[in-house]
Structures are given as structure tokens and as C-alpha cells.
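Working notes, structure below.
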Amino acid sequence: MSFKWPWQYDFPPFFTLQPVANTRQKQLEAWARLVIDYAQFNKIFTFDLNEAEQGELFFNQKLNRRLDSEGVKAVFGYLEQKRHLDWTDPDHTRCHIYWRTPEEWGTLIFEWAQSNGLANQSCTLYEIAHGDDTVTESFHGLEKEILLKALRSLEVQRRAQLYNIGTEYEGVKFLSS
């Protein structure tokens, strides 16, 4: 199965930031939806802007059109404004992309834990993100930093408790709902 590009991707003006504010807003909304859908389809949790700029997401080979750096920054700025990303560095060159918020990931993980009889049980972060029991779950393969944000949201709700092994969080105990 291959990614299905939206109709705008084959529309040359899509790759040039539009000067009219209303049109630009709609363009940024379309780009944001495309980035989120692309990340979800390809299970991308972290974007490097320099790499993304050079990849197929922002370059349509068929049209030989590329969204320039200013446009890519505008798209990611819009995604940040809509809370679909968090920057991982002060220079804003890498970010976590959210097609689900950490809270939504937390809810999915908690529901999985409850349905698998893990109430008041502990498991490692590795088991959640990479274990055989989660292969069919949407959170399988979730990057550790995003997994921790999801589990911290469950801690705030008193549905889970993270614990350390050594100097890092490595496990979680799911509490009864």
C-alpha cells in the first residue's frame, strides 16, 4: 500500500506560499493535514526539517516543484500553533510530530493495559512500544520521548506511575481505573 497524495499535491501553486492571507491560511491547513497524514502513514514521530525539505513530502518530482525553506518553516510553525508538534531542539530543526496528542496516546495505552489485564501490574517501556503483545496496536513503535509524555499524562490522571531503573524511566505501573 502506498501513500495517497491529496489533489493539492499535483497543483503547482500549492508549492508556493500564497500572498493573500485567507488563501495562505487554507494552504497551510492543507499542508498541515498532508504532513500529519504522511507522518501517520509512515509512522514518523520525529521530523528533521532539513531532511524533510529534501524528501518527497515537500518535493513533487512529477511537477518538479519544491516548497522552499520559508514555506516549510511556515507549515511547521502552523503545526506548532495547532499543537501538532513540539520542538526537540532550540534551533527548531527537529520536532516530534503528533497525529495523536500525548494524552490521546496515553488513553490508547491505558485502554490496552486495561483490556490485557494489566491493572496494578508493571511493564517496561520497551514492552509497550516494541513488545510482541503490542504489534497490532497503533502505538507500537512509538518513540520513547513521546511514550514518556503519554505516560506522564496518565500519571497526572492517576492512572499510571512511572518508575526508574537506574537513572532513566524504564517502567510503568498501570493503576486501576
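Salt-bridge check for Lys144 with Glu170: passed, with a basic side-chain N closer than 4.0 Å to an acidic carboxylate O.
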Residue pair Arg33, Glu29: steps toward the side-chain contact (heavy atoms from CB on, under 4.5 Å) verdict: CA-CA 6 Å; Arg33 181 79 260 149; Glu29 288 170 10; over 6 Å; no
Worked check of side-chain hydrogen bond (donor to acceptor under 3.5 Å, both in side chains) between Glu56 and Tyr38: CA-CA 10 Å; Glu56 70 177 345; Tyr38 183 85; 2.9 Å; yes
Evaluation steps, side-chain contact (heavy atoms from CB on, under 4.5 Å), between His84 and Val35: CA-CA 10 Å; His84 286 288; Val35 170; over 6 Å; no
side-chain hydrogen bond (donor to acceptor under 3.5 Å, both in side chains) evaluation trace for Glu145 with Thr88: CA-CA 10 Å; Glu145 295 84 10; Thr88 62; over 6 Å; no
Trace of the side-chain contact (heavy atoms from CB on, under 4.5 Å) decision for Glu80 with Cys95: CA-CA 9 Å; Glu80 178 184 26; Cys95 64; over 6 Å; no
Leu151/Phe174 under side-chain contact (heavy atoms from CB on, under 4.5 Å): CA gap, chis, key distance, verdict: CA-CA 9 Å; Leu151 295 173; Phe174 294 102; 4.3 Å; yes
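Rounding to the nearest 0.5 Å gives a distance of 8.5 Å between CG of Asp89 and CG of Asp48. With values rounded to the nearest 0.5 angstrom, Asn120 atom CG is found 6.5 Å from Leu175 atom CG. Rounding to the nearest 0.5 angstrom, the gap separating the CG atom in Leu28 from the CD atom in Gln18 is 10.0 Å. Distance OG1/Thr107 to CZ/Arg100: 10.5 Å, rounded to 0.5 Å. From Leu17, atom CG reaches atom OG1 of Thr23 across 12.0 Å, with rounding to the nearest 0.5 Å.
Environment of CG in Asp133: sparse, with no more than 12 heavy atoms of neighbouring residues, nucleotides or ligands closer than 6.0 Å. When the shell of 6.0 Å around CG of Asp132 is examined, it contains 12 or fewer heavy atoms from other residues, nucleotides or ligands. Surrounding CZ of Phe41 are more than 12 heavy atoms belonging to other residues, nucleotides or ligands, all under 6.0 Å away. In this structure, Lys43 places its NZ atom where more than 12 heavy-atom neighbours from other residues, nucleotides or ligands lie under 6.0 Å away.
A distance of 6.0 Å or more separates the ring centres of Phe45 and Tyr98. Ring centroid separation for the pair Phe47 and Trp87 does not come in under the 6.0 Å cut-off.
A donor-acceptor pair is defined here as one N or O able to donate and one able to accept, closer than 3.5 Å; such a pair exists between the side chain of Gln27 and the backbone of Thr16. Judged by distance alone, with hydrogens and angles left aside, the side-chain atoms of Thr134 form no donor-acceptor pair with the main-chain N or O of His140 at under 3.5 Å. With hydrogens and angles ignored, the 3.5 Å screen pairs no side-chain donor or acceptor of Glu137 with any backbone N or O of Ile128. Under the 3.5 Å distance criterion, the side-chain polar atoms of Glu111 are left unmatched by any main-chain donor or acceptor of Leu108. Within the 3.5 Å criterion, the main-chain N or O of Pro19 finds no donor-acceptor partner in the side chain of Arg24. Between the Thr124 side chain and the Glu127 main chain, a donor and an acceptor come within less than 3.5 Å of each other. At least one donor-acceptor pair closer than 3.5 Å links the side chain of Arg66 to the backbone N or O of Glu53.
Two residues are said to be in side-chain contact when any heavy atoms from C-beta on lie closer than 4.5 Å; Ile109 and Val172 fail this criterion.
Minimum heavy-atom separation, Leu125 to Gly171: CG-N, 4.1 Å. Here the closest non-hydrogen pair linking Ala160 and Glu155 is O-CG, 3.2 Å. The shortest non-hydrogen separation linking Phe14 to Trp31 is O-NE1, 3.0 Å. Among all heavy-atom pairs drawn from Ile44 and Ile97, the shortest one is O-CG2, 3.3 Å. Nearest heavy atoms, Ala52 versus Phe58: O-CD1, 3.3 Å.
Relative orientation of the Trp5 and Phe3 rings is perpendicular, given thresholds of 30° and 60° on the angle between their planes.
Checking each of Phe139, Trp112, Trp99 against Trp105 for a ring pair (Phe, Tyr, Trp, His ring centres under 6.0 Å) leaves exactly one that passes, namely Trp99.
In this view, Lys73 satisfies the side-chain contact (heavy atoms from CB on, under 4.5 Å) rule with no residue, not counting sequence neighbours.
Using a 3.5 Å distance cut-off with no hydrogens or angles, the side chains of Ser153 and Arg159 do not pair a donor with an acceptor.
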